[in-house]
Novice: 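Structure in structure tokens, see below.
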Amino acid sequence: MVASPHSLASAAGVDALRAGGSAVDAAIAASAALSVLYPHMTGVGGDAFWLIYDAKSRRVRYLDGGGRAARGAGIDWFRSRGMQEVPTRGVLPATLTVPGAVASWCAAHAEYGRLALTRDLAAAVEYARDGFPVTARLASFIETCFAEGAFNADALALFAPGGALPRTGERIRNAGLARVLEDIGAAGEAGFYGGDTGRALAAFARAQSGFFDAADLLAQRSSWGEPLRGTYRGVEIFETPAPTQGFTVLEMLNLVEPWEIGKLDPRGADLAHLLVQAKQIAYCDRDALLADPGFSAFPAERLVSKAYAEERRRLIRMDRAIPWDEVPSYGSLKGDTVYVCAVDAEGNAASLIHSLYFIFGSGVVAGDTGIVLQNRSAYFSLDPAHPNRLEAGKRPMHTLIASVALREGKLWQLLGCMGADGQPQIHLQSYVGLIDFGLDIQQVLEMPRWLSGRFALGEPRDQLNIEGRFPESTIEELARRGHTVNRWPDWMELAGHAHGITIDPASGTRIGGADPRSDGAAIGY
């Protein structure tokens with residue numbers, strides 16, 4: 001089974017499974033297809049993080065595909081030009097870090113792939129070369145970025161040639177990206193970070209006075225490591241570690257574990273109020289401490305411990321919201337991502353998160369390569385005292401997270417979503433739905449959601465965005481307790497594209513769920 005936010009990408013993954021591929025082959029096929037079909041949310045110019053479950057060893061492994069800052073990057077460069085933040089659009093964030101996703105595809109494939117890499121990328125190459133149908137969502141996001149002036153000239157030529165916006169159902173072709181994908185299939189990492197593609201990326205950065213160069217590209221590597229592990233009501237839950245924010249999910253679950261959540265109304269004020277406070281506490285810790293652990297110590301074990309949750313839980317009150325200044329955090333909900341999960345016939349599984357960060361990332365397409373470059377480096381701090389400060393060779397703090405859960409030692413759940421700061425909050429609400437309320441994965445994904453935090457500049461940092469399908473009484477009571485409530489429509493795409501696969505422990509049956517807020521599907525056979 002494969003689940004992803006675009007049905008054609010899920011189908012590409014299942015096609016790889018039917019051809020004898022592994023869960024990793026399927027995840028690469030779906031991720032590559034999404035790099036073509038969903039260019040507003042992901043691409044080969046972005047980063048990726050994996051959790052991979054090996055059925056034979058019953059082990060969950062972590063693969064870091066985060067891009068590193070160029071050698072010429074530094075706080076002084078920005079400060080000397082009067083900049084207090086890394087820009088969110090344009091060549092500077094586009095070239096400040098090297099794209100890391102392709103290196104992670106190649107590392108995962110080298111370890112677990114059964115098919116040739118060219119076979120995994122075949123569907124993506126075909127869609128890029130021959131064209132793919134524009135969904136209403138993609139058409140809407142192209143229109144938004146066009147109106148905002150977010151695209152560079154190469155992006156405009158690709159997504160709005162001659163200023164003509166594509167209509168739903170119209171085809172877009174990306175011949176440059178087709179060539180790039182063919183080069184990756186033929187030569188792996190060397191076909192992207194070196195060769196024609198690497199030279200083209202370096203030349204583009206040089207011509208635009210950007211940061212990365214040929215040496216930075218060739219130095220990019222992904223790395224294997226251990227995931228974060230926690231438990232919630234006897235379920236073993238794995239999340240991606242620093243520099244990602246996966247620890248916040250485990251911290252939040254620890255904070256709320258003493259409450260008998262299953263006895264609460266799943267759409268009531270008490271549950272939302274409790275979970276929002278857990279979010280406030282965990283995000284305060286995140287924004288103060290999270291950074292690349294290769295550059296500064298990050299106390300992950302302490303933060304995900306039950307003892308630490310016992311300390312922090314004292315802040316929670318059921319009669320009022322925690323004032324923002326008691327647990328300040330500084331993130332923004334804005335950001336877009338794709339999540340792919342796959343399980344093969346042997347029970348191996350891949351949980352993959354892959355992103356450009358903002359809609360269309362930096363808004364920059366690198367010349368005729370057709371590559372949309374990310375703006376993940378905008379998450380770096382230019383405060384020299386902050387752990388997440390910009391430094392050469394460093395990965396920025398990442399909102400990207402992926403999850404795997406085991407029940408009684410057996411693979412049980414794959415889960416992930418888009419949504420930047422919303423991702424841990426969606427993990428939290430989903431695991432509570434699955435474990436405390438016994439819902440199936442599709443029911444969980446269709447439940448109304450809330451997301452706490454500022455969505456755009458000018459909004460309150462402690463804003464509680466809540467879908468309109470919550471009862472009016474819940475919304476009124478949350479406001480009475482001190483939450484700054486912003487009522488969203490009944491179904492809000494900004495509430496995230498979440499997907500998941502549940503493996504029934506008794507029968508081994510795969511049960512897939514796809515978020516109706518996306519164009520996705522869970523497909524199995």
Novice: In sequence, state the C-alpha distance, the side-chain angles, and the governing distance for W412 and I503, and then conclude on side-chain contact (heavy atoms from CB on, under 4.5 Å).
Specialist: CA-CA 5 Å; W412 172 59; I503 298 87; 5.9 Å; no
Novice: Hey, can you tell me if H497 and Y38 have their rings parallel, tilted or perpendicular (30° and 60° cut-offs)?
Specialist: tilted
Novice: State whether a side-chain donor-acceptor pair under 3.5 Å links Q423 with H427.
Specialist: no
Novice: For the pair Y232 (side chain) and E257 (backbone), establish whether a donor and an acceptor sit closer than 3.5 Å, ignoring hydrogens and angles.
Specialist: no
Novice: How about Y62 and S223: does a side-chain donor come under 3.5 Å of a side-chain acceptor?
Specialist: no
Novice: First locate atom CD1 of I501, then atom CD of Q413, and finally report the distance between them rounded to the nearest 0.5 Å.
Specialist: 9.0 Å
Novice: I need the minimum non-hydrogen distance between P505 and K410, along with the two atoms involved.
Specialist: O-NZ, 3.6 Å
Novice: In terms of side-chain heavy atoms, does S518 have a donor or acceptor partner in R137 at a distance below 3.5 Å?
Specialist: no
Novice: I'd like to know if the side chain of S222 reaches the main chain of A103, judged simply by a donor and an acceptor atom lying under 3.5 Å from each other, with no hydrogens or angles considered.
Specialist: yes
Novice: Once you round to the nearest 0.5 Å, how far does CD of Q429 lie from CG of L271?
Specialist: 8.0 Å
Novice: So Y379 and Y357, would you call those rings parallel, tilted or perpendicular, with 30° and 60° as cut-offs?
Specialist: tilted
Novice: Measure from the side-chain N and O atoms of D515 to the backbone N and O of A498, and report whether any donor-acceptor pair falls under 3.5 Å.
Specialist: yes
Novice: Between E467 and R267 (salt bridge meaning N to carboxylate O under 4.0 Å), is one present in this structure?
Specialist: no
Novice: Going by an N to O cut-off under 4.0 Å, is there a salt bridge joining R481 and E477?
Specialist: yes
Novice: Just by distance, no angles: are the side chains of S403 and Y431 close enough, under 3.5 Å, to form a donor-acceptor pair?
Specialist: yes
Novice: Within a reach of under 6.0 Å around CD of E170, are more than 12 heavy atoms found that belong to other residues, nucleotides or ligands?
Specialist: yes
Novice: Any carboxylate oxygen within less than 4.0 angstrom of a Lys/Arg side-chain nitrogen, looking at E311 and R302?
Specialist: yes
Novice: Tell me the closest heavy-atom pair linking F192 and V44, and the distance in Å.
Specialist: CZ-O, 3.5 Å
Novice: Between D25 and D120, which heavy-atom pair has the shortest distance, and what is it?
Specialist: OD1-OD2, 2.7 Å
Novice: Return yes if some donor-acceptor pair links the side-chain N/O of T244 with the main-chain N/O of T240 below 3.5 Å, else return no.
Specialist: yes
Novice: What are the two closest heavy atoms between A9 and S4, and how far apart are they?
Specialist: CB-OG, 3.6 Å
Novice: Kindly compute the distance separating CD (E226) from CZ (R61), expressed to the nearest 0.5 Å.
Specialist: 8.0 Å
Novice: Heavy-atom count check: over 12 atoms from other residues, nucleotides or ligands less than 6.0 Å from E472 CD?
Specialist: yes
Novice: When rounded to the nearest 0.5 angstrom, what is the spacing between CH2 in W491 and CZ in R449?
Specialist: 8.5 Å
Novice: Whether E182 and R179 form a salt bridge (side-chain N of Lys/Arg under 4.0 Å from carboxylate O of Asp/Glu) is what I want to check.
Specialist: no
Novice: Does the side-chain contact (heavy atoms from CB on, under 4.5 Å) test come out yes or no for L428 and L253, once each step is laid out?
Specialist: CA-CA 7 Å; L428 172 67; L253 288 169; 3.7 Å; yes
Novice: Would you please classify the geometry between the F360 ring and the H40 ring as parallel, tilted or perpendicular, with 30° and 60° separating the classes?
Specialist: tilted
Novice: Take L289 and F247 through the side-chain contact (heavy atoms from CB on, under 4.5 Å) test and state the conclusion after the steps.
Specialist: CA-CA 11 Å; L289 300 169; F247 85 92; over 6 Å; no
Novice: Test V36 against every option in L181, L8, T42 by the side chain to side chain contact (heavy atoms under 4.5 Å, CB included) rule and name the one that passes.
Specialist: L181
Novice: Taking all heavy atoms of L352 and all of S31, pick out the closest pair and write down the distance.
Specialist: CD2-CB, 3.6 Å
Novice: Any ion pair linking K263 and D270 (charged N to carboxylate O, less than 4.0 Å)?
Specialist: no
Novice: Testing the basics here: between W450 and Q425, what is the closest heavy-atom pair and its distance to 0.1 Å?
Specialist: CZ3-OE1, 3.1 Å
Novice: Let me confirm one number: the CE-CZ distance from M397 to R376, rounded to the nearest 0.5 Å.
Specialist: 8.5 Å
Novice: Ion pair present between R233 and D436, side-chain N to carboxylate O less than 4.0 angstrom?
Specialist: yes
Novice: Okay, side chain of S10, backbone of A521: is any donor-acceptor separation there less than 3.5 Å?
Specialist: yes
Novice: Ignoring hydrogens and geometry, is there a side-chain-to-backbone donor-acceptor pair from Q463 to V485 under 3.5 Å?
Specialist: no
Novice: Tell me if a side-chain donor or acceptor on Y339 pairs with a main-chain N or O of G500 at a distance below 3.5 Å.
Specialist: no
Novice: Between S140 (side chain only) and A136 (backbone N and O only), is there a donor and an acceptor less than 3.5 Å apart?
Specialist: no
Novice: Any ion pair linking D15 and R119 (charged N to carboxylate O, less than 4.0 Å)?
Specialist: yes
Novice: With a sphere of 6.0 Å drawn around CD of E408, does it hold more than 12 non-hydrogen atoms of other residues, nucleotides or ligands?
Specialist: no
Novice: Treating D54 as the side-chain partner and R59 as the backbone partner, does any N or O pair qualify as donor plus acceptor under 3.5 Å?
Specialist: no
Novice: Counting distance only, does the side-chain N/O of H354 pair as donor-acceptor with the main-chain N or O of G43 below 3.5 Å?
Specialist: yes
Novice: Taking atom types as modelled and ignoring hydrogens, do the side chains of E236 and T231 form a donor-acceptor contact shorter than 3.5 angstrom?
Specialist: no
Novice: Check whether the side chains of S22 and N348 place a donor and an acceptor atom closer than 3.5 Å, and report yes or no.
Specialist: no
Novice: Strictly under 6.0 Å, is that where the ring centroids of Y53 and F238 end up?
Specialist: no
Novice: Within this structure, what is the CD1-CE distance for the pair I426 and M447, rounded to the nearest 0.5 Å?
Specialist: 13.5 Å
Novice: With side-chain contact (heavy atoms from CB on, under 4.5 Å) as the test, would you mind laying out the steps for Q374 and D47 before giving the verdict?
Specialist: CA-CA 8 Å; Q374 67 184 345; D47 287 350; 3.0 Å; yes
